[in-house]
Amino acid sequence: MTETEIIIIGAGHNGLTCAAYLAMAGLRVKVVDRREVVGGAAVTEEFFPGFRNSVAAYTVSLLNPQIISDLKLAGHGLRIVERRAQNFLPAADGSYLLTGTGRTHQSLARLSPRDAGRIDAFTRELEEIADVLRAFVLRAPPNLVEEFSVASIREAFNALGTAGILRRLSLPQQRSLLDLFTRSAGEMLDDAFESDLVKALFGFDAIVGNYASPYAAGSAYVMLHHAFGEVNGNKGVWGHAIGGMGAITQAMAQAAREHGAEIQLGAGVREVIVERDRAVGVILDNGETVRARYVASSVNPKRLYTRLLPADALPADFLARIKNWRNGSGTFRMNVALNALPSFTALPGDGDHMTAGIILAPSLGYMDRAWQDARALGWSREPVVEVLIPSTLDDTLAPAGQHVASLFCQHVAPELPEGRSWDDHREEVADLMIATVDNYAPGFATSVRGRQMLSPLDLERQFGLLGGDIFHGALTLNQLFSARPMLGHADYRGPLKGLYHCGSGAHPGGGVTGAPGHNAARVILADHRALFR
Ligand SMILES: Cc1cc2nc3c(=O)[nH]c(=O)nc-3n(C[C@H](O)[C@H](O)[C@H](O)COP(=O)(O)OP(=O)(O)OC[C@H]3O[C@@H](n4cnc5c(N)ncnc54)[C@H](O)[C@@H]3O)c2cc1C
């Protein structure tokens, strides 16, 4: 048996962030993870001899600048660069949209002068509301407390602070906020634009990791969720971490270790130990016991409460509700080793568009059909694929003259209909994804030297992501803010004393942000200081 002040379950980027802040504050911290590498879904691995790539998460924007600075990630080797063009959307008729600083207007004007005149107002509206979200990212949302207590007073002040942020918004901005939280992205985009490609540009963000049609109510929030990031101070843009997403988590691990945190890998947690309504440690898969004053979990909340805690240790209503926690992204992830760059029919040859997020989904209707198909058949006959070729910005990933690409593919069913298994259909669906890219860039299929395929089942097996859910739980209104993971537990404190949530199942949700880890650390420290005042 070993003892520590806090044990953190999971060395994903949030567990590491939480560990680093707590270790910096002087706590004795131990992090355990069932995998042999740190990083959770933010890792870089060699997937084909000589070719490395970000295996799951593949592009950076949401990582909070305050955390980058506090953890001194640049000092630990993290370098994030911008794409030379943001997005490239080719269409089957040979037209395309290319976005990025100094490009968007010109490119859009060729498709629709009317939309070119409207896009600034639309992005300004999105940006203003994204600023509101930014103000909430590094603070706990107001938590509901039933009885009068110290906690209820604390939460009353928190609610006042929240109201203060919202009060700064003008009435039109408050209306936009309401729209973005409740409407479908599809309706909002149909109202704003006429060009299919510009609608698809924004609509893609509404269905990433969200197993839904862009016309599903609430999908506008997912679009907003992908807009609150920044790269090196440039808001709303996406970039690349040199060395892949693993460079972020390697830097975080270094920061945590530098301040004394211990990270034990290959150490899965079998059970959280509960004594007299208090979490007091964990039992590892190898039988080892680690006792601790606090336990923080960065695993999906449903996984934590249904697999790692004894059912009789939990309030029955809490357990019943968390069993209904909605998981499941419609994503299939591939990494491919290429002997040449693709050449797109719509814009042949090399160019800055090779550094962009290349979205193969030319309309909202296409995305809607992809979802309908996946529900009926298990995957879409015409899937949505984002292609990103990080080796165009980073020569550490592939041999000279060759490339790696991430293919982020939607929609596939988290569980296949009629009891079929992803183990029997992985190859077939991977072929379909490659053929889809080949339709837009003939010759792509023959340039593929090696491939890695991750179905929703593989994402669950490899990373512990239930139903392959990339966010640790759908970003629906009933699972956001004060309801993440449940009303009454949005303050990062679980239903047992000493148990905390520090992963993406807590506010503000999924994405490589570091925010849940940061916010949980703040709450744990507040409780620790209150105890030892
Ligand atoms: C395919 C895919 C693509 C994505 N693309 C992007 C992107 O481009 N940009 C972006 O910002 N976000 C992206 N995301 C989302 C983002 O990666 C995740 O939301 C985020 O990494 C989750 O971080 P986390 O630390 O909260 O949890 P995780 O990274 O899931 O870490 C949890 C850790 O807990 C460990 N664990 C689980 N069970 C146990 C146990 N019993 N005992 C011990 N350890 C355990 C796991 O091994 C894991 O390391 C993507 C995710 C996926 C899956």
Side-chain angles (χ1 to χ4, degrees), residues 7-19 31-43 54-64 205 208-209 225-226 228-229 231 238-241 244-246 248-249 252-253 263-272 282-286 290 295-304 307-309 329-335 357 386 388 390 406-410 452 454-456 458-473 475 501-506 508-518 520:
I7 179 111
I8 297 179
I9 309 173
H13 85 285
N14 276 313
L16 294 171
T17 299
C18 188
V31 188
V32 288
D33 200 294
R34 53 196 270 278
R35 301 196 73 212
E36 296 290 346
V37 284
V38 298
V43 277
S54 308
V55 176
Y58 59 102
T59 181
V60 59
S61 173
L62 308 177
L63 184 59
N64 193 272
D205 279 346
V208 169
H225 191 87
H226 286 104
F228 72 68
V231 172
W238 289 82
H240 171 73
M245 298 300 275
I248 298 173
T249 43
M252 287 173 162
I263 302 171
Q264 188 179 343
L265 299 172
V269 169
R270 185 205 300 164
E271 191 176 321
V272 175
V282 299
I283 303 173
L284 301 180
D285 287 337
N286 65 6
V290 185
V295 177
S297 163
S298 66
V299 309
N300 180 304
K302 183 169 177 179
R303 188 180 192 94
L304 170 69
R307 303 198 190 168
L308 303 186
L309 271 148
S329 301
T331 63
F332 189 98
R333 181 76 172 82
M334 293 184 70
N335 292 298
E386 182 177 31
L388 194 75
S406 301
L407 308 186
F408 198 26
C409 316
Q410 349 262 320
Q452 179 182 38
L454 295 164
S455 71
D458 302 314
L459 290 172
E460 175 161 339
R461 281 184 188 145
Q462 194 159 326
F463 299 104
L465 300 167
L466 288 189
D469 194 307
I470 77 167
F471 300 125
H472 287 205
L475 300 180
H501 307 139
C502 65
S504 296
V512 180
T513 67
H518 164 278

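Just so you know, ligand 1 is whichever comes first in the structure, and atom 1 is the first atom listed for that ligand.
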Nearest-contact summary for atom 35 (C) of ligand 1 - protein heavy atom, Å
Asp33 OD2, 3.3 Å
So between Ile470, Ile8, Leu63, Val43, whose heavy atom ends up nearest atom 19 (O) of ligand 1?
Ile470
In terms of residue, atom name and distance, what is the protein heavy atom nearest to atom 22 (C) of ligand 1?
Ser504 OG, 3.3 Å
Do ligand 1 and Thr59 have nitrogen or oxygen atoms that lie under 3.5 Å from each other?
yes
With a 4.0 Å heavy-atom cut-off (strictly under), which part of Leu16 contacts ligand 1: side chain, backbone, both or neither?
neither
Atoms of ligand 1, numbered as shown, that sit under 4.0 Å from any heavy atom of Ile9:
42 (N), 43 (C)
Check: His472 main-chain N/O paired with Ser504 side-chain donor or acceptor under 3.5 Å
no
Side-chain touch Arg333/Ile470, heavy atoms, less than 4.5 angstrom:
no
Ser455 (side chain) donor-acceptor with Phe332 (main chain) under 3.5 angstrom:
no
Out of curiosity, is Arg303 lining ligand 1, as in a heavy atom under 4.0 Å away?
yes
Does ligand 1 have a heavy atom under 4.0 Å from the side chain of Phe463, from its backbone, from both, or from neither?
backbone
So is there a nitrogen or oxygen of Val269 less than 3.5 Å from a nitrogen or oxygen in ligand 1?
yes
Just verifying a value: how many Å separate Glu271 CD and Leu309 CG, rounded to the nearest 0.5 Å?
7.5 Å
Side-chain donor or acceptor of Asn335 paired with backbone N/O of Val55 under 3.5 Å:
yes
Specify the closest pair of heavy atoms between Leu265 and Arg35, including all atoms of both residues, with the distance to one decimal.
CB-O, 3.4 Å
Parallel, tilted or perpendicular, judged at 30° and 60°: which one describes the rings of Trp238 and His226?
tilted
I need the nearest protein heavy-atom contact for atom 30 (O) of ligand 1: residue, atom name and distance, please.
His472 NE2, 2.9 Å
For Gly268, counting its heavy atoms only, list the atoms of ligand 1 lying under 4.0 Å from any of them.
42 (N), 43 (C)
Can you check whether Val38 reaches Asp33 side chain to side chain, under 4.5 Å on heavy atoms?
no
Note: ligand 1 atoms sitting under 4.0 Å from heavy atoms of Gly40 are 29 (O), 31 (O), 48 (C), 49 (O)
Over all atoms of both residues, closest heavy-atom pair of Gly468 and Thr331
O-OG1, 4.1 Å
protein heavy-atom neighbour closest to atom 31 (O) of ligand 1 works out as Gly12 CA, 3.4 Å
Go through Asn14 and Thr17 one step at a time and tell me if the side-chain hydrogen bond (donor to acceptor under 3.5 Å, both in side chains) criterion holds.
CA-CA 5 Å; Asn14 276 313; Thr17 299; 5.0 Å; no
Is the shortest N/O to N/O distance between Arg35 and ligand 1 below 3.5 Å?
no
Of Ala506, Ser298, Gly209, Gly511, the residue with the heavy atom nearest atom 32 (C) of ligand 1 is Ser298
For the residue pair Leu16 and Ile263, establish whether any side-chain heavy-atom pair is separated by less than 4.5 Å.
yes
If you compare Ala57, Ser54, Gly514 by their heavy atoms, the one closest to atom 17 (O) of ligand 1 turns out to be Ala57
Going by the atom numbers of ligand 1, which of them fall below 4.0 Å from some non-hydrogen atom of Gly503?
26 (O)
As a check for students: among Ala56, Ala42, Cys502, identify the option with a heavy atom nearest to atom 3 (C) of ligand 1.
Ala56
Within a strict 4.5 Å, meaning less than it, do heavy atoms of the Cys502 and Ser297 side chains meet?
no
Nearest-neighbour protein heavy atom for atom 34 (O) of ligand 1, which is reported as residue plus atom name and distance:
Gly10 CA, 3.3 Å
Options Val512, Val299, Asn14, ranked by nearest heavy atom to atom 38 (N) of ligand 1, top entry
Val299
Run the contact test for Gly510 against ligand 1 with a 4.0 Å cut-off on heavy atoms, strictly below, and give the result.
yes
CZ (Phe408) and CG (Leu454) are apart, to the nearest 0.5 Å, by 10.5 Å
Closest protein heavy atom (residue, atom, distance) for atom 20 (C) of ligand 1
His13 CE1, 3.7 Å
Ligand 1 to Ala41 polar contact by distance, N or O atoms, under 3.5 Å:
yes
Separation between NE2 (His501) and CD1 (Ile9), nearest 0.5 Å, reads 10.0 Å
Which atoms of ligand 1 sit under 4.0 Å from any heavy atom of Leu465?
30 (O), 53 (C)
Does His13 reach the main-chain N or O of Met245 with its side chain, forming a donor-acceptor pair under 3.5 Å?
no
May I ask you to check whether Thr331 has an N/O atom sitting below 3.5 Å from an N/O atom of ligand 1?
no
In terms of residue, atom name and distance, what is the protein heavy atom nearest to atom 39 (C) of ligand 1?
Arg34 CD, 3.4 Å
